[in-house]
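Below you'll find the structure, written out as structure tokens, and then a few comments.
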Number of protein chains: 2
Amino acid sequence: MEPVPDTPRTPKAAQTRAAILATALRLFREDGYDRTTMRAVAKEAGVSLGSAYYYFASKEHLVQAFYDELLTEHQAAVEEVLARESGFAARLQGSLEAWLAVAAPHHAFAAQFFRNAADPASPLSPFSAESAPARDGSIALMRRLLDGSDAKVSRALQAQLPDLLWLLQMGVVLFWVYDASDDQRRTRTLVRGLVPLVDRLVRMSRLPVLRGVVDDVLALVASLRT
Amino acid sequence: MEPVPDTPRTPKAAQTRAAILATALRLFREDGYDRTTMRAVAKEAGVSLGSAYYYFASKEHLVQAFYDELLTEHQAAVEEVLARESGFAARLQGSLEAWLAVAAPHHAFAAQFFRNAADPASPLSPFSAESAPARDGSIALMRRLLDGSDAKVSRALQAQLPDLLWLLQMGVVLFWVYDASDDQRRTRTLVRGLVPLVDRLVRMSRLPVLRGVVDDVLALVASLRT
DNA sequence: CCAAGGTTTTGAACGTGTTCAAGAAAGGAT
DNA sequence: ATCCTTTCTTGAACACGTTCAAAACCTTGG
């Protein structure tokens, strides 16, 4: 049942695995996801078709590796933002724009394989069990973004806000994927408008008029988490 | 360039087309989308594989017909709700729950072909040009839901709210697709919690404290619509 | 050095969505 | 009636993702 070792047994195998992965990512970028065939990946990497499948259970698994790379790059970029900015809005904006900057070169490619990520049954789905580590990492980053900022929120909201901010980010990514404008201009417009809005809402969350609404939102989120 | 007529030229052809579609939908429901092959559809419908492709350009196009059916059924159900209820919250809740009721029998199937709808390049995408008629119809329904209700909102918000409500519905559908709980219990929890919240926010939208926020939201939406 | 057992590699084969050239059927127009 | 055009039908063929049994290649204990 496991002809696909996560960690190759020998250095040579690791090298082969890396070659396949590198070739795949290059071809994905050059020709797009759909037009890149597993046969082409194998041939260019100098291995047989069977070998490619020995190391990667499916074409999707090849993409997972790419996705992980992207996430790592984004997190590094966010670290810089967090070190530089202390305002909540500036940090949030920096984080979202960092994602756009990191992902921009791959927009066409991303849109092509997004269909796979959207499949609830796919391990690439942001809600899947396999994505849990990446998801938790991103949420943890959002928590640091919030906690290290000047935002003042109630204890209850502070606990849940990182999750909501992660959801916001997923929404932005969704918008980005569908964004066909030049250089994803519309997504940047969205971010520039969304951040001040969220900032304002967070600040207002402690106003008496809004306390009830905020409590209801938090209660709803909590009831869905079971 | 057009071997796929939208309207068959002869009654016999229309009958063949209908038979293929009916067979496909039945098999989709019985065996799931992925496990239903075009060869099986053709065989069960008593035609050749080529014929199936003469009437439907792709497997996805067969799904489009199913989707249209679902939408029609939903709109009929909403009509009843609008005739019965006058409160904004009751109408919104009725509309969302009508969707859940109509779609429930097809949840497993829907989740399987959702990946296709998520592809920005697919005609099945809710944002695609091909979906424009269906989308406009749904938004128009939301407008009637709002205008015929007891909700009092500013002129500016009234103009944009139907679009936002449609977006809300898309969000609920997204949640529903990912909802693996028995009978999609979690989605129903979401709807029951979301509706009062939206209702409250809409009512509060005219409060002086929130005027600024509402204006910003509307301005953002407007700036993205270009 | 050999044998045994694990690891890696291979390419043929399968099932699938889709295409296409060729032909059959069905109407006209003359 | 006879051709011509358009509409419909067919099944073979293609390209792709994926599987699998067999072989080749280690590594290690004796």
Side-chain angles (χ1 to χ4, degrees), chain A residues 1-21 23-24 27-28 31-65 112-113 115-117 119 121-124, chain B residues 1-21 23-24 27-28 31-65 112-113 115-117 119 121-124:
Chain A
M1 208 55 212
E2 24 276 288
V4 184
D6 276 22
T7 311
R9 265 60 162 180
T10 88
K12 179 120 168 13
Q15 200 177 327
T16 305
R17 189 191 143 96
I20 293 170
L21 181 57
T23 305
L27 291 185
F28 285 163
D31 300 343
Y33 180 71
D34 290 338
R35 276 197 304 280
T36 299
T37 73
M38 289 298 280
R39 283 168 179 80
V41 170
K43 187 172 229 178
E44 289 261 319
V47 301
S48 72
L49 181 57
S51 259
Y53 276 96
Y54 179 73
Y55 289 105
F56 297 92
S58 74
K59 199 177 171 185
E60 271 189 18
H61 279 73
L62 243 14
V63 171
Q64 180 88 51
Q112 270 191 356
F113 80 74
R115 50 159 34 200
N116 298 341
D119 185 346
S122 164
L124 282 177
Chain B
M1 208 59 213
E2 24 274 293
V4 184
D6 277 22
T7 310
R9 265 61 160 180
T10 89
K12 179 119 158 49
Q15 199 176 327
T16 306
R17 189 191 143 97
I20 293 171
L21 181 56
T23 305
L27 292 184
F28 284 164
D31 299 343
Y33 179 72
D34 290 340
R35 275 197 304 279
T36 300
T37 72
M38 289 298 281
R39 283 167 180 80
V41 170
K43 186 173 231 177
E44 291 261 318
V47 300
S48 72
L49 181 57
S51 259
Y53 276 96
Y54 179 74
Y55 288 104
F56 298 92
S58 73
K59 201 177 171 185
E60 271 190 18
H61 279 72
L62 281 168
V63 172
Q64 179 88 50
Q112 270 191 355
F113 81 72
R115 50 158 35 198
N116 298 333
D119 185 346
S122 165
L124 283 177

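Residue numbering restarts at 1 for every chain, and letters A, B, ... go by the order of the sequence lines. Since this is a predicted model, take the numbers as computed values, not measurements.
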Protein-nucleotide distance ([X], atom [atom1]; [N], atom [atom2]), rounded to Å:
| X | N | atom1 | atom2 | value |
| --- | --- | --- | --- | --- |
| A:Met38 | C:dA13 | CE | P | 21 Å |
| B:Lys43 | D:dT10 | NZ | C1' | 15 Å |
| A:Arg17 | C:dT9 | CZ | C1' | 17 Å |
| A:Gln15 | D:dC26 | CD | P | 13 Å |
| B:Lys59 | D:dG17 | NZ | P | 16 Å |
| B:His61 | C:dT18 | NE2 | C1' | 13 Å |
| A:Asp34 | D:dA15 | CG | C1' | 13 Å |
| A:Tyr54 | D:dA22 | OH | P | 18 Å |

Practice item. Kindly compute the distance separating CG (A:Asp34) from CG (B:Asp119), expressed to the nearest 0.5 Å. Key: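 CG of B:Asp119 is found 7.5 Å from CG of A:Asp34.
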Exercise for review: Calculate, to the nearest 0.5 Å, the distance between atoms CZ and OG belonging to A:Arg115 and A:Ser122 respectively.
Suggested key: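 Spacing of CZ (A:Arg115) from OG (A:Ser122) equals 12.0 Å.
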Could you report the tightest heavy-atom contact between [X] and [Y], atom names first, then the distance?
| X | Y | answer |
| --- | --- | --- |
| A:Lys59 | A:Tyr33 | NZ-O, 3.0 Å |
| B:Leu21 | B:Ala65 | CD1-CB, 3.5 Å |
| A:Val63 | A:Leu124 | CG1-CD1, 3.9 Å |

Review point. Pick one: which of B:Val47, B:Leu27, B:Leu49 meets side chain to side chain contact (heavy atoms under 4.5 Å, CB included) with B:Val41?
Key: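 Exactly one option meets the side chain to side chain contact (heavy atoms under 4.5 Å, CB included) with B:Val41, and it is B:Leu27.
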Check your understanding: Taking the nucleotide of DNA chain D with the closest heavy atom to each, which residue, B:Lys12 or A:Glu60, is nearer the 5' end?
Key ->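 Closer to the 5' end of DNA chain D: B:Lys12.
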**Study point:** 5′-ward residue of the pair A:Gly50/A:Arg35 relative to DNA chain D
**Key:** A:Arg35
Between [options], spot the one nearest the side chain of [X], thanks.
| X | options | answer |
| --- | --- | --- |
| B:Tyr53 | C:dT9, C:dA12, C:dT19 | C:dT19 |
| B:Thr16 | C:dT8, D:dT9, C:dG17 | D:dT9 |
| A:Tyr55 | C:dT8, C:dT10, D:dC8 | C:dT8 |
| B:Leu49 | C:dG11, D:dG17, C:dT18 | C:dT18 |
| B:Ser51 | D:dC8, D:dT10, C:dT9 | D:dT10 |

Check your understanding: Is there side-chain contact between A:Arg17 and A:Phe56, with at least one heavy-atom pair below 4.5 Å?
Key -> yes
Review point. Quick one: does B:Arg39 reach the base of C:dG15 with a side-chain donor-acceptor pair under 3.5 Å?
Key: no
Review point. Got a minute to check which stems DNA chain C is part of, using Watson-Crick or G-U wobble pairs under 3.5 Å, three or more consecutive?
Key: C:1-30 with D:1-30
Check your understanding: How is A:Thr37 classified with respect to the nucleic acid when contacts are heavy atoms under 4.0 Å: base, sugar-phosphate, or nothing?
Key -> sugar-phosphate
